[in-house]
Number of protein chains: 2
Amino acid sequence: MAPECGDPWSRSVRTHDLERCRSLPLFANMHAETFRHVTAGAHMQRFPPGTMLLLEGDAVDFLYVLLSGQVELHGTWNDQETVLGILRPVSTFILAAVVLDTDALMSARTLENSEILMIPGDAIRSAMVEDTEFGLAVSRDLAGGFRTMVRAVKNQKLRNAVERLANHLVMLRASDPGVGATVVLRHEKRVLASLLGMTPENLSRAFAALRKQGVTVNGAVVTISNPAALIALAKPDPLIDNHAPFGADIVTPADAEIWSTNSHRAALARSEKRRA
Amino acid sequence: MAPECGDPWSRSVRTHDLERCRSLPLFANMHAETFRHVTAGAHMQRFPPGTMLLLEGDAVDFLYVLLSGQVELHGTWNDQETVLGILRPVSTFILAAVVLDTDALMSARTLENSEILMIPGDAIRSAMVEDTEFGLAVSRDLAGGFRTMVRAVKNQKLRNAVERLANHLVMLRASDPGVGATVVLRHEKRVLASLLGMTPENLSRAFAALRKQGVTVNGAVVTISNPAALIALAKPDPLIDNHAPFGADIVTPADAEIWSTNSHRAALARSEKRRA
DNA sequence: GCCCCGCATTGACAAAGATCAAGTCAGGCT
DNA sequence: AGCCTGACTTGATCTTTGTCAATGCGGGGC
């Protein structure tokens, strides 16, 4: 289902890929044999930016594992589109549709060059039956995904645009292990706007509104001169915002809830280098 | 955690209760022995309307099974409240928190006199390990719940207030086995307003706006004199609205997605036959 | 029966957000 | 280098939604 934009580039699956896959909570405790069986039928593909991996309504034949790059999940209705989530490595996506062997509710599109491991849905479903440990991991992953979406609904219904942006910035700050004066936006602003449920114009104005709280923007670099003021406005809440603390704190591994993402850190470092 | 509002009324668990529980897809294929073990520690309680069963942030010790009455799930932030879902029998709730053994993201409150079976979370979690069939059912239920929440986000972000109301009415019509001229709202209007993500005042105006499409309201009774016009405005979409599209189409049994409700399905099939 | 209280509706107004239209800027291409 | 494209911003305007206030309606309790 890749309509345009050049052929995907298939390549063989390296053991390094499998190791990264294995590092996900979803696969970590799987029996070695089941893991081998599941990945036997998998194949690896590279996609250029802007490739539609999956269209909502399509039957879902694979579980996707994003190993490098960035993928956007979005939904469409009445010629409008809204971004429902953005994935960074290492993450899986559309597990729910695979488990139910049904059609996708979200479309998926690459935002950057991306390497994706595609695991046949059949293999996933039979592994759930054969390997209890994996079955449990699937349940935990889906429970986390459910909670992520509950948070999204609360965020959308209880907060206005400026508050959503403020919390997004607070989240970025919290997830950045480095010092605190600046954060780097991880997506194009128009993508971010859609993710936050507003138009690009309105995102610009929301940034402008946050100048009072000491927020200034320069391209993708946002400097937060008065974190306390920003946080006072944002009122982050653990029951909405899942600030995955890398640095400290335990957070039960099951409660990842970032779809199934685990290791963001690499990408962050990269984007930090180049800045206007 | 039932703060006020009179003592809950505990009573013994009857076999009839267990049978209704068993009818849920979540429990239907469970081994008899596991089911007996799981329900051994369960107890039954009656709650008057307005009782807080669970407060967001609370640790979750039980899986709740609603056997009669009506329960509202809502979220809170910054002194505002929004309804995230409304359950009718027979449904379970907060399975995700039980699976992860963590705190609740949603509060639960009875809207009517309700009978609720409370199953200890430990028993659920150990049953998942011991009974593969049950583990699979849990995964499927959570996958359905995830998809329900994805639909909710799309509904909220892609549609305006009038469109959300129109689709709600179309959904009620589709799920009502009787003839088509009227539907009955299932909740107080202010609850419905919150569920649809608007204020009560705005709900009134949304109803007024639908008069052009032949919608008139009288208390809880809504008459739809021109279904085609209403549907034309609502543009219901199987990827957002989980009711049988008017054409045909089967709903795959796995794709329940109504949290974990089952009882609708029969109604759906019925309404499929008769169509304007 | 009467009184109250809470729900629902309506109108006037205010705030939030979307749309339309320029206009700027940076990066990529020839 | 020069140009072109696409992203971002800003202002003006309109639509949608929320807020505040007043009123009507109806059911439950005394």
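Note that this is a predicted model, so its numbers are computed, not measured. Values below: all heavy atoms of this structure, side chains included; hydrogens, waters and symmetry mates excluded. Labels below follow one simple rule: chain letters A, B, ... track the order of the sequence lines, proteins then strands, and each chain is numbered from 1.
Nucleotides of DNA chain C nearest to A/N202 and B/F207 differ in position, and the one nearer the 5' end is that of B/F207.
A/K157 has its NZ atom 20 Å from the P atom of D/dT16, to the nearest Å. For the pair B/E163 CD and C/dA18 C1', the interatomic distance rounds to 14 Å; values are reported in whole Å. One atom, CZ of B/R205, and another, C1' of C/dA14, lie 12 Å apart when rounded to the nearest Å. To the nearest angstrom, C1' of D/dT17 lies 14 Å from CD of A/Q156. Across the protein-nucleic acid pair, B/L196 atom CG and D/dT17 atom C1' stand 14 Å apart, rounded to whole Å. Remark: P of C/dA8 and CG of B/N218 are 13 Å apart, rounded to the nearest angstrom. Nucleotide C/dA8 holds its P atom 13 Å from the CE atom of B/M198, rounded to whole Å. Rounding to whole angstrom units, CG of residue B/L203 and C1' of D/dT17 are separated by 13 Å.
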Legend entry - Steps toward ring-ring contact (aromatic ring centres under 6.0 Å, His included) verdict (B/F93, B/Y64): CA-CA 5 Å; B/F93 52 104; B/Y64 293 70; 5.1 Å; yes
Inset, instruction - Take B/K235 and A/D79 through the salt bridge (charged side-chain N to carboxylate O under 4.0 Å, His left out) test and state the conclusion after the steps. - result: CA-CA 12 Å; B/K235 301 184 200 62; A/D79 296 320; over 6 Å; no
Inset, instruction - Just do the salt bridge (charged side-chain N to carboxylate O under 4.0 Å, His left out) check on A/D237 and A/R151 with the steps written out, would you? - result: CA-CA 10 Å; A/D237 181 333; A/R151 292 170 192 274; over 6 Å; no
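Within the 4.5 Å cutoff, no side-chain heavy atoms of A/H74 are placed close to those of A/M106.
Here the closest non-hydrogen pair linking A/V90 and A/R20 is CG2-NH2, 3.7 Å.
Of the candidate nucleotides C/dA16, C/dA12, C/dT19, C/dA16 has the atom lying nearest to any side-chain atom of A/N160. Here the side chain of A/E201 is nearest to one of C/dT19, D/dG18, C/dG17, namely C/dT19. Side-chain proximity of B/K189 to the nucleotides D/dC8, D/dG18, C/dA8 is greatest for C/dA8. Side-chain proximity of B/E188 to D/dG11, D/dT17, C/dA8: nearest is C/dA8.
Between B/S204 and the phosphate of C/dT10, there is no side-chain N or O to OP1/OP2 separation shorter than 4.0 Å. Between B/T199 and D/dG18, a side-chain N or O to OP1/OP2 separation shorter than 4.0 Å is present.
Checked by distance alone, B/R190 brings no side-chain donor or acceptor within 3.5 Å of a matching partner on the base of C/dG6.
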